[in-house]
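Letters go in sequence order (proteins before strands), and every chain restarts at 1. Just so you know, these numbers come straight off a predicted model, no measurement behind them.
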There are 2 protein chains.
Amino acid sequence: MAGPGRGVTIADVAARAGVAASTVSYVISGKRSISPETAGRVMQAVADLGYHPHAGARSLASRRAGVIAMMFPIRDGMHLPVLMQFAAGAVAEARRHDQDVLLMTADEGPAGLARVAASAMVDGLILMDVEVRDPRVEVLRRLGLPNVLIGFPADSKDLTCVDLDFTAAGRACADYLADRGCGDIALLGAAEAVYERRTGFAERVREGFLGRPGVRAEVRPCPNYPTEVQRAVKELLAARPDLTGLAVHNEPAVGHVMHALADAGKRVGEDFHVVVIGPDEVAERVHPQLPSVLVPAETLAQTAVRHLMRKLDGLDVPDSTLLEPQLTIR
Amino acid sequence: MAGPGRGVTIADVAARAGVAASTVSYVISGKRSISPETAGRVMQAVADLGYHPHAGARSLASRRAGVIAMMFPIRDGMHLPVLMQFAAGAVAEARRHDQDVLLMTADEGPAGLARVAASAMVDGLILMDVEVRDPRVEVLRRLGLPNVLIGFPADSKDLTCVDLDFTAAGRACADYLADRGCGDIALLGAAEAVYERRTGFAERVREGFLGRPGVRAEVRPCPNYPTEVQRAVKELLAARPDLTGLAVHNEPAVGHVMHALADAGKRVGEDFHVVVIGPDEVAERVHPQLPSVLVPAETLAQTAVRHLMRKLDGLDVPDSTLLEPQLTIR
DNA sequence: TTCCTCAATCGAAGCGCTTCGACAAGCTTC
DNA sequence: GAAGCTTGTCGAAGCGCTTCGATTGAGGAA
């Protein structure tokens, strides 16, 4: 099955099936009609020999590499588990379209994009963690390499962007808290670095959260580590003694926030309300369980890959796709 | 710089430099000696045109793809941040050797290995999170694709394996606790699923931890989420009232373990000792700071990639590389 | 000067695939 | 039953690169 000797070529398959190499190619690609008998014999030969087309040869001849690149942020303050989910979702979806995924890191920057584009190593590109002013975007535009962005740069004209509607997510949190009578609310967000970079989603959450009229609201960055989270919560409570509602958009912090609130004598779900933006597990596995807005990393990744595939096939896709956030009450 | 039109070929470079295409190739690869003047002109032309060799053509002609695959575990209970560090380290090191990294997930299993090998899509492979009995290992053996494993399967004969010496890490933790007079110790490890899969490192930590004579020791799996961690700690303390030393090999749990211990009235650093296997931040950012054994994901990744590169160049590498753990006291 | 060596370069032959145009049969259609 | 379509298949060209001789001149040994 795995083929013993190295290098089963299309010629080997053709010989075994008693047809021309081009016929084998057409059977595999389905680009010309082939009689069922011939096709059957060819497929059999393919299976018998464990044939897989040589990727390089194929890309050379067809100008399609069968690979897409994902440029990953590996940076301070990014929320890792979500990234992993994203990667897993993207690879899974790409494989469904018979594509592989090349992993790039943001360190390579714009030059990396130019490199993979010029070497025809990949057919398309998914760019993650897009910043409001992102130098890579400009390069991408003139490269002409089909691409999809996760996130929205300042000027998203002519680009295909996909993201959760973070503004709506922020608004949903504010609404949830306000509806429970909180007139004084705050959001603990990602680490400071994320804000400094002007990562799109952080700004949009803020915008949505602060937009609710008739409520006093504030957004603060929040570190990821136990003692610092505790301190941040303490400071917040000291600064805003009338605070009764809190949104947390920082996964590893949630458990510690809950602790700090308990230490401060707040009874969550009674005189104090908390809502989470993050994975279900995080919201479920604290006591009490919290309402939450899911960041649908896997769906996002799938959508991005699908859009990219459509672009590769010359089909059109919406310029901008915003996934509707869903607030789950527990 | 980024090249305007698509498809600058070696012929374009050759024409501009006034040499034959083969000469350009030799300048780039350095496989034959070329006069400095010619080389200079060629390099200039390369830069002027923004030439990058077509990856497919190159792989077809040279039987080297310039890509290595990493097969990633995206599974329950794995500790994500460490994986990310690993990925980042591997990509960085690979780029230093002018290689790219193809991302695969363990879902594709053995068939995925066969596929990338047969299609000559990658030159080599790094396999992560190897289990004691791993079905992929057998396939790998007969595929003949150069590879490096992170972790050790039961039979590591003829394989190149790299890992932290987890046995020594477990032992170091036991020793640390015993040296502080703890005669009754326990280790809280990864989630149960990790043990069920018989992931190598978990078993080896256990072995090392339990090996210290004259100490009553035990290893327990530990979930990752706040309330469950609390419960696990409570159960442990109830079952072992004389417990005075604890090792934690589960990053997200550390903060919550500390809380649970405080709740139980244990004074860590005084009548009770805790040591962590995990990243420095995790150990530093709790109160009190804890001693810890670092899992050097980046070094591990670098080592793996370097070994793989050497294998690709036909050089030999040690069959088994165990990184010495370092216990940092804070 | 002649012969040999060596460094520097060129040209051509593939690598394994896709794709285009051609062609032989088997059908219609009048 | 000739003219035109289809359908299924083949052969050849070529994608852009590497690599293996072959070739050319220059320098040294004789």
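When the side-chain nitrogen and oxygen atoms of A/Ser25 are compared with OP1 and OP2 of C/dT18, one or more of them lie within a distance under 4.0 Å. Contact annotation: B/Lys31 does not reach the phosphate of D/dT18 (side-chain N/O to OP1 or OP2, under 4.0 Å). OP1 or OP2 of D/dT9 lies within a sub-4.0 Å distance of a side-chain N or O belonging to A/Thr38. B/Tyr26 has no side-chain polar atom (N or O) that falls below the 4.0 Å cut-off from OP1 or OP2 of D/dC20. For the pair A/Ser22 and C/dT19, the criterion of a side-chain N or O lying under 4.0 Å from OP1 or OP2 is not met.
Side-chain to base pairing of A/Arg58 with D/dG16: no donor and acceptor N or O lie closer than 3.5 Å to each other. The base of D/dG8 lies outside donor-acceptor range of the side chain of A/Ser35, with no N or O pair under 3.5 Å.
The residue B/Thr9 sits close only to the backbone: its heavy atoms come under 4.0 Å of sugar-phosphate atoms, none of a base. Note on A/Arg63: only backbone sugar-phosphate atoms sit closer than 4.0 angstrom, heavy atoms only; bases stay farther off. B/Ser59 comes within contact range of no nucleotide atom at all, as no heavy-atom separation falls under 4.0 Å.
A donor-acceptor contact shorter than 3.5 Å is absent between the side chain of B/Asn147 and the backbone of B/Leu125. Listed for the B/Asp155 side chain is a donor-acceptor partner under 3.5 Å among the backbone atoms of B/Lys157.
Distance from the side chain of A/Ser33 is smallest for D/dG8 among the nucleotides D/dG8, D/dG16, D/dT18.
Whole-Å rounding puts the A/Ile28 CD1 to C/dT18 P distance at 7 Å. Atom CZ of B/Arg32 and atom P of C/dA8 are 12 Å apart (whole Å).
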